[in-house]
K.L.:
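Here it is, the structure, as structure tokens.
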Amino acid sequence: MRMLAVKQMNILRQSWIRSRNYGFQKADHPEGNILTGRALKQKVAERKSLIHHTLFAFDGLSSALRQWNAHAFLVDVDGTIIESVGHRDFERRAAQVQLQNGANWSEQQRGTNAIGTALIEKKPVSVFGRQHYLAVIGFLSCVAAPLFSPEGEFMGVIDISAPRDMMPGMALQLVMMTVEAVQNRILYEDARRKNLLMVEELEHAGRMHGVALISLDADRRIVRANGQAQRLLGRHCLGQPLSRPDLFRLESVYDNTAKQWSFVGSNSKNDRGRALSESLFEFKDIYGSCRSIERAVALGRRAAAVDLPVLLHGESGTGKELLAQSIHSYGSRGPFVAVNCSAIPESLIESELFGYVPHAFTGASKQGSRGKFVAAHQGTLFLDEIGDMPLRAQAALLRVLQEKCVYPVGAVKPIPVDVRIIAATHRNLPAEIEAGRFRSDLYYRLKVISIELPPLRERSDLEVIARMMLIRMEYPETDLSAEVLRALHAYSWPGNLRELHNVLSQAAFLAEGGPICTEHLCIECREESAEALSLQQSDARAIIRAIQLADGNIKKAAQILGIGRTTLYRKMKLYNLQGESADGAVS
């Protein structure tokens, strides 16, 4: 406990130094701009899933918040409060210093405070009373902790604030438990979604190529096995220890705390990348008539004919991996190996990329690991989210690109590799170089051929894309009305093609083979016009339709809408929709 207190004091000391450097005086009364209306709705819409999970966790805080006269806040990575719940009396007092939805509580705006300091430190922070730099907010006691995605991406901060004398000493532990609850919900949802897709993909791969595929838990018990694997190991192998490890090549899987939590394995005698090459995307899979995407595809075709490095730049969901696979497929090289640089813990990235010899470190496999570079030999290594790679790993990667050989962890002899590099990022790498987070020499080594993928909101072929997606989803007869097209064009699509695909999938499902109407579109923000439905009308109609499809069962209706039952009840109350009766029907 003493060590924790010392660390907290060091964090506060550094924060006070920053506050002075920002030019604050202790008597200042800063009043920043508060986001309202469409601007705040846009932020909320972009973080809908995070808010959904956080509100579930906040439900467990209700009694504590009442007892402490406190409030809980969800804050995005920019420092803007996007959701809050808590005691009404405190809410009125907090609003006097703009501690409310839409306000920015970064250190640059408010000086030392738990929210802003946790955003910078990315660690749990307590700030009590006069520990705040500005005297005007000294009536507060605040505790905050950072939120991370399953891939380790920083998502924001959860904060609990209360009057100075009301906050108990256990508050920091409580906010950390709340953060863990939110992260667990996100991890569970992400794993469930990925597992459903993975099982289908792996089963298809097994049928097509005769590959036996398994997943093991941390105790090496079989948790998934496709048909081919079950024929090798027996129909009752699930839940049992792996009886024939000699039949499978196992690879370790780590979580974002660097803990080993599962294994995956295949028994393919051929190179796995070659065996699965038939399932990779090709240029014919990239559709659209916009000049910007046609230009990107044309440049991709030219890049496929040479072995020069390619750097793909574009927002999340614009199709960077699709284009990378197409370049690889068109070039007729060997295996295609993809690596998400942001998802590998810094301590493990070298062993993942370059491999390791048996028993190279604690927890290392006794068989060793060949690493991604060796796995991609004579093929393509796709380095996704290269902008998030740690500086130490960047230096090691640059050395490999220069010397064309890798040193596995613990090895004394290099292994020559012939690998074509395609890297991708959503970050502004020149700005990252200026900030000292990315090496300029690596940037110019990767950016031999640079291809920009446009965001969906800047493309002129949204209607073409939407109709092609419906055809690919086997809804070729589903019509898109002029009103629906206007709503699609009015939306900003922060999730780009990936989000459009999800919206159309749900809309086609709700339409039940009929024409898609605006009430079937589950998008949060639309440009306001006399012809478009308001967000409230659209939400209400979508809820009514989902309840009808679920025969009045609220739990099933929530699943159709992709939201939690608590959130559905809250929306029903907001829109004056009647509740569920005892027998499960809507009264």
Side-chain angles (χ1 to χ4, degrees), residues 151-153 251-260 273 307-313 320-321 324 328 334-365 367-427 429-450:
E151 293 79 22
E153 178 186 2
E251 292 189 9
S252 301
V253 180
Y254 298 86
D255 66 10
N256 63 348
T257 66
K259 293 181 180 177
Q260 190 178 69
D307 281 340
L308 298 175
V310 178
L311 179 61
L312 307 179
H313 186 269
K320 297 188 290 294
E321 183 162 2
H328 168 83
F336 178 89
V337 177
V339 180
N340 187 332
C341 299
S342 67
I344 305 175
E346 183 175 358
S347 60
L348 296 172
I349 196 162
E350 290 187 42
S351 62
E352 286 291 315
L353 290 178
F354 313 136
Y356 58 86
V357 299
H359 307 296
F361 50 86
T362 302
S365 168
Q367 290 87 21
S369 173
R370 59 179 183 164
K372 303 301 184 185
F373 264 90
V374 175
H377 182 58
Q378 296 186 333
T380 300
L381 182 62
F382 176 53
L383 298 174
D384 197 10
E385 302 300 350
I386 188 73
D388 295 319
M389 178 178 279
L391 282 169
R392 191 185 75 176
Q394 292 177 32
L397 173 61
L398 181 65
R399 185 177 70 247
V400 172
L401 296 181
Q402 290 171 339
E403 299 176 0
K404 298 187 183 302
C405 62
V406 298
Y407 282 87
V409 176
V412 294
K413 292 184 178 180
I415 300 176
V417 288
D418 171 22
V419 174
R420 196 262 181 78
I421 298 293
I422 301 178
T425 184
H426 69 283
R427 297 192 181 277
L429 290 187
E432 294 294 297
I433 292 170
E434 285 289 325
R437 291 188 291 266
F438 202 83
R439 295 178 61 110
S440 59
D441 45 5
L442 178 60
Y443 172 65
Y444 293 114
R445 172 75 65 168
L446 296 172
K447 190 193 172 187
V448 178
I449 300 174
S450 180

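Computed from a prediction, not measured in an experiment: that's the story for all the values here. Count residues from 1 along the sequence.
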K.L.:
Drop me the distance from N340's CG to L383's CG, to the nearest 0.5 angstrom.
P.N.:
10.0 Å
K.L.:
Supply the atom-to-atom distance H313 NE2 to T425 OG1, rounded to the nearest 0.5 angstrom.
P.N.:
5.5 Å
K.L.:
Could I get the full list of side-chain hydrogen bond (donor to acceptor under 3.5 Å, both in side chains) partners for K447, not counting sequence neighbours?
P.N.:
Y443
K.L.:
Could you measure the distance from the CD1 atom of I449 to the CD1 atom of I422? Nearest 0.5 Å is fine.
P.N.:
9.5 Å
K.L.:
Are E321 and F336 close enough that some pair of their side-chain heavy atoms sits under 4.5 Å apart?
P.N.:
yes
K.L.:
To the nearest 0.5 Å, what is the distance between OH (Y444) and CZ (R439)?
P.N.:
13.5 Å
K.L.:
Can you confirm whether V448 sits close enough to V310 that some side-chain heavy atom of one is under 4.5 Å from a side-chain heavy atom of the other?
P.N.:
no
K.L.:
Less than 4.5 Å apart, any side-chain heavy atom of V419 and any of T380?
P.N.:
no
K.L.:
Under the rule for side-chain contact (heavy atoms from CB on, under 4.5 Å), what residues qualify as partners of D388, not counting sequence neighbours?
P.N.:
S342, E385, H426, R427
K.L.:
Can you give me the closest heavy-atom contact between V339 and L381, atom names plus distance?
P.N.:
CG2-CD1, 3.8 Å
K.L.:
Taking atom CG of L397 and atom CZ of F373, what is their separation to the nearest 0.5 Å?
P.N.:
5.0 Å
K.L.:
Has the side chain of H377 got a donor or acceptor atom that lies under 3.5 Å from a matching backbone atom of V417?
P.N.:
no
K.L.:
Roughly how far, to the nearest 0.5 Å, is CD1 of I421 from CG of L311?
P.N.:
11.5 Å
K.L.:
Determine, stepwise, if the pair F438 / L391 fulfils side-chain contact (heavy atoms from CB on, under 4.5 Å).
P.N.:
CA-CA 7 Å; F438 202 83; L391 282 169; 5.7 Å; no
K.L.:
Can you name the residues that form a salt bridge (Lys or Arg N to Asp or Glu O under 4.0 Å) with R437, not counting sequence neighbours?
P.N.:
E432
K.L.:
Could you tell me which non-hydrogen atom of A396 sits nearest to which non-hydrogen atom of F354, and how far apart they are?
P.N.:
CB-CE1, 3.6 Å
K.L.:
Could you tabulate the donor-acceptor pairs under 3.5 Å formed by side-chain atoms of residues 401-409, not counting sequence neighbours?
P.N.:
none

K.L.:
Identify, with sequence neighbours excluded, every residue that meets side-chain hydrogen bond (donor to acceptor under 3.5 Å, both in side chains) alongside Q394.
P.N.:
none
K.L.:
Return the set of residues passing salt bridge (Lys or Arg N to Asp or Glu O under 4.0 Å) with R445 (not counting sequence neighbours), or none when no residue passes.
P.N.:
none
